[in-house]
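Here the structure comes first, spelled out in structure tokens, and everything after it is commentary.
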Amino acid sequence: MHWTLLFLAAGFEIAWAVGLKYTGGFTRLWPTTGVVIALLASVGLLALAARGLPIGTAYAVWTGIGAAGTAIAGIILFGESASAARLACLTLIVAGVVGLKFFGK
């Protein structure tokens, strides 16, 4: 259950980070509102997940999925670089998250 909450939290992490691109520097009401809601959901779910997981593992997985997911979303949605080096680095982040999932508790 705690891992499920953590993965949901990471999904909201990606949502609010990507949503920042649409806020126009927090000048657009509805995208800004969505970002704030996703941010609160992300942190709230992280807090719930941390009840049953080591905080170091929970936070590292949350930020790792958020960082990798946001970078992948940037490639898909905004045409950001998908160079071999960048993809290799994202693979390392994902490998770290998978390692923490299996060895983090």
Side-chain angles (χ1 to χ4, degrees):
M1 179 66 172
H2 294 103
W3 281 103
T4 301
L5 293 172
L6 184 59
F7 288 124
L8 285 171
F12 280 108
E13 174 86 353
I14 296 165
W16 76 256
V18 170
L20 288 173
K21 193 80 166 175
Y22 297 101
T23 66
F26 298 111
T27 61
R28 299 179 62 214
L29 176 62
W30 295 116
T32 298
T33 302
V35 164
V36 170
I37 291 168
L39 177 60
L40 292 172
S42 179
V43 174
L45 288 166
L46 172 62
L48 292 174
R51 288 180 176 177
L53 298 170
I55 191 61
T57 299
Y59 184 74
V61 169
W62 180 68
T63 57
I65 292 172
T70 302
I72 292 166
I75 291 168
I76 294 167
L77 298 173
F78 307 121
E80 295 176 1
S81 171
S83 68
R86 191 166 190 228
L87 294 176
C89 291
L90 288 172
T91 301
L92 291 172
I93 293 170
V94 171
V97 167
V98 170
L100 286 170
K101 164 74 170 97
F102 288 110
F103 305 113
K105 185 165 186 182

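Computation of the quantities below employed the complete heavy-atom set of this structure, encompassing side-chain atoms and omitting hydrogens, waters and symmetry-equivalent molecules. Residues take their numbers from the sequence shown, with the count starting at 1.
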Worksheet entry | CA sep, side-chain torsions, deciding dist, call: C89, R86, side-chain contact (heavy atoms from CB on, under 4.5 Å) | CA-CA 5 Å; C89 291; R86 191 166 190 228; 5.8 Å; no
- request: Determine, stepwise, if the pair V18 / I14 fulfils side-chain contact (heavy atoms from CB on, under 4.5 Å).
  value: CA-CA 6 Å; V18 170; I14 296 165; 4.2 Å; yes
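Counting only residues at least two apart or in different chains, side-chain hydrogen bond (donor to acceptor under 3.5 Å, both in side chains) contacts with residues 41-52 comprise E13-S42, S42-W62.
The closest side-chain heavy-atom distance from L20 to F26 is below 4.5 Å.
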With a 3.5 Å cut-off and sequence neighbours excluded, list the donor-acceptor pairs that the side chains of residues 63-79 form with protein atoms.
residue, atom, partner, partner atom, Å
T63, OG1, Y59, O, 3.0
T63, OG1, A60, O, 3.2
T70, OG1, G66, O, 2.6

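If you run side chain to side chain contact (heavy atoms under 4.5 Å, CB included) between L5 and each of L53, L46, L48, only L48 comes through.
The minimum heavy-atom distance between V35 and W16, with the atom names listed, is O-CB, 3.6 Å. Across every non-hydrogen atom of F12 and A38, the tightest pair is CB-O, 3.5 Å. Here the shortest heavy-atom pairing between R28 and P31 reads O-CD, 3.6 Å. For S83 against S81, the heavy-atom pair with the smallest separation is N-OG, 3.2 Å. Closest of all the heavy-atom pairs between L87 and A82 is CD1-O, 3.5 Å.
With rounding to the nearest 0.5 Å, the separation of CG in L100 from CG in L6 is 10.0 Å. To the nearest 0.5 angstrom, W3 atom CH2 is 5.5 Å from K101 atom NZ. Atom CZ of residue F7 and atom CG of residue L45 lie 13.0 Å apart, to the nearest 0.5 angstrom.
Using a 4.5 Å cut-off between side-chain heavy atoms of Ile, Leu, Val, Met, Phe, Trp and Tyr, with links allowed through other members, L39 and L8 fall into different hydrophobic clusters.
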